[in-house]
Amino acid sequence: MGKIKKSARMTPDPVALFALVILLLPIAYLLLAAPAFLLVKLDIPAVAQLLRGMFNVYFVMLSIAGVIAAVAFATEGRIACVIGIGLIAAFAFWARGWFLQEMDAQIRHQGDADAARRLRRLHWGGMVGNAIQLVAIMSAIPYIAPA
């Protein structure tokens with residue numbers, strides 16, 4: 001009888017792992033920073049401005065990290081990954097303008113209870129959107145960078 005050929009093991013792709021880590025950095029930033037704002041009132045102008053600044057940095061970082069990760073995957077020829085990560089970067093770029101405009105509208109009406117409630121809703125929406133991105137990227141890791 002002939003020898004049974006051992007199946008080749010898939011090795012991790014260092015470029016893919018690097019790209020995923022780069023992409024996860026801004027997501028981890030918001031994941032750690034945003035819940036602290038749940039403990040304070042958003043009708044305080046300085047707190048509202050700090051929250052706005054945190055989301056501004058998050059969207060800029062996510063856009064830049066998305067472009068870097070998409071370029072890294074493009075060098076590896078992984079078109080599906082480039083499209084997926086490119087969509088994340090494009091969404092972050094677009095969402096930044098809309099999100100900050102909505103926050104500014106609520107911050108201008110400081111002292112209005114409804115404005116503080118709408119600002120809190122935006123805060124929760126940003127955190128939920130970030131969590132969805134985290135789940136999507138983490139669930140894609142076994143397919144992108146097999147161990």
Side-chain angles (χ1 to χ4, degrees), residues 8-147:
R9 285 186 68 200
M10 295 182 75
T11 59
D13 183 2
V15 174
L17 290 174
F18 170 76
L20 289 177
V21 168
I22 291 296
L23 192 59
L24 286 172
L25 287 175
I27 293 171
Y29 161 74
L30 191 70
L31 182 71
L32 295 173
F37 285 91
L38 295 173
L39 304 174
V40 295
K41 290 185 175 187
L42 296 180
D43 56 354
I44 302 168
V47 173
Q49 287 295 328
L50 190 58
L51 179 68
R52 183 197 185 281
M54 179 192 66
F55 275 105
N56 182 37
V57 168
Y58 163 71
F59 285 122
V60 169
M61 285 174 43
L62 189 59
S63 297
I64 293 169
V67 169
I68 292 170
V71 168
F73 278 111
T75 61
E76 293 291 306
R78 296 180 177 210
I79 301 303
C81 294
V82 171
I83 292 169
I85 292 172
L87 287 173
I88 290 173
F91 175 75
F93 182 78
W94 171 80
R96 178 180 174 266
W98 177 85
F99 198 86
L100 295 181
Q101 185 178 19
E102 289 293 316
M103 287 190 96
D104 288 341
Q106 304 317 315
I107 291 171
R108 275 195 300 272
H109 296 98
Q110 243 12 79
D112 178 13
D114 287 335
R117 227 180 342 271
R118 287 189 297 269
L119 190 58
R120 179 67 71 194
R121 222 174 305 143
L122 282 169
H123 177 212
W124 272 104
M127 289 192 315
V128 168
N130 186 58
I132 290 169
Q133 289 178 359
L134 177 65
V135 168
I137 292 169
M138 295 299 283
S139 65
I141 287 176
Y143 303 106
I144 293 172

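Counting from 1, the numbers follow the sequence of the chain as shown.
Sorted pairs that involve residues 25-36 and meet salt bridge (charged side-chain N to carboxylate O under 4.0 Å, His left out), not counting sequence neighbours, are lacking altogether.
When every heavy atom of Ala16 is checked against every heavy atom of Arg78, the shortest pair comes out as CB-NH1, 4.1 Å. Contact detail for Leu122 and Phe99: the closest heavy-atom pair is O-CZ, 3.2 Å. Summarising the geometry of Ser139 relative to Ala136, their closest heavy-atom pair is OG-O, 3.0 Å, with the distance given to 0.1 Å.
For Arg52, the salt bridge (Lys or Arg N to Asp or Glu O under 4.0 Å) partners at least two apart in sequence or on another chain are Asp104. Here Arg121 pairs with nothing under the salt bridge (Lys or Arg N to Asp or Glu O under 4.0 Å) rule; sequence neighbours left out.
From Phe73, atom CZ reaches atom CD1 of Ile68 across 13.0 Å, with rounding to the nearest 0.5 Å.
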Anything under 3.5 Å between a donor and an acceptor, one on a side chain of residues 55-62, the other on a protein residue two or more places apart or in another chain? List them.
{"residue": "Asn56", "atom": "OD1", "partner": "Arg96", "partner atom": "NE", "Å": "2.6"}
{"residue": "Asn56", "atom": "OD1", "partner": "Arg96", "partner atom": "NH2", "Å": "2.8"}
{"residue": "Tyr58", "atom": "OH", "partner": "Asn130", "partner atom": "OD1", "Å": "3.1"}
{"residue": "Tyr58", "atom": "OH", "partner": "Gln133", "partner atom": "OE1", "Å": "3.1"}

Only pairs under 3.5 Å count here: list side-chain donor-acceptor contacts from residues 19-48, not counting sequence neighbours, and write none if there are none.
none

Query - Residues Ile137, Ile88; criterion side chain to side chain contact (heavy atoms under 4.5 Å, CB included); working and verdict - result: CA-CA 10 Å; Ile137 292 169; Ile88 290 173; 4.1 Å; yes
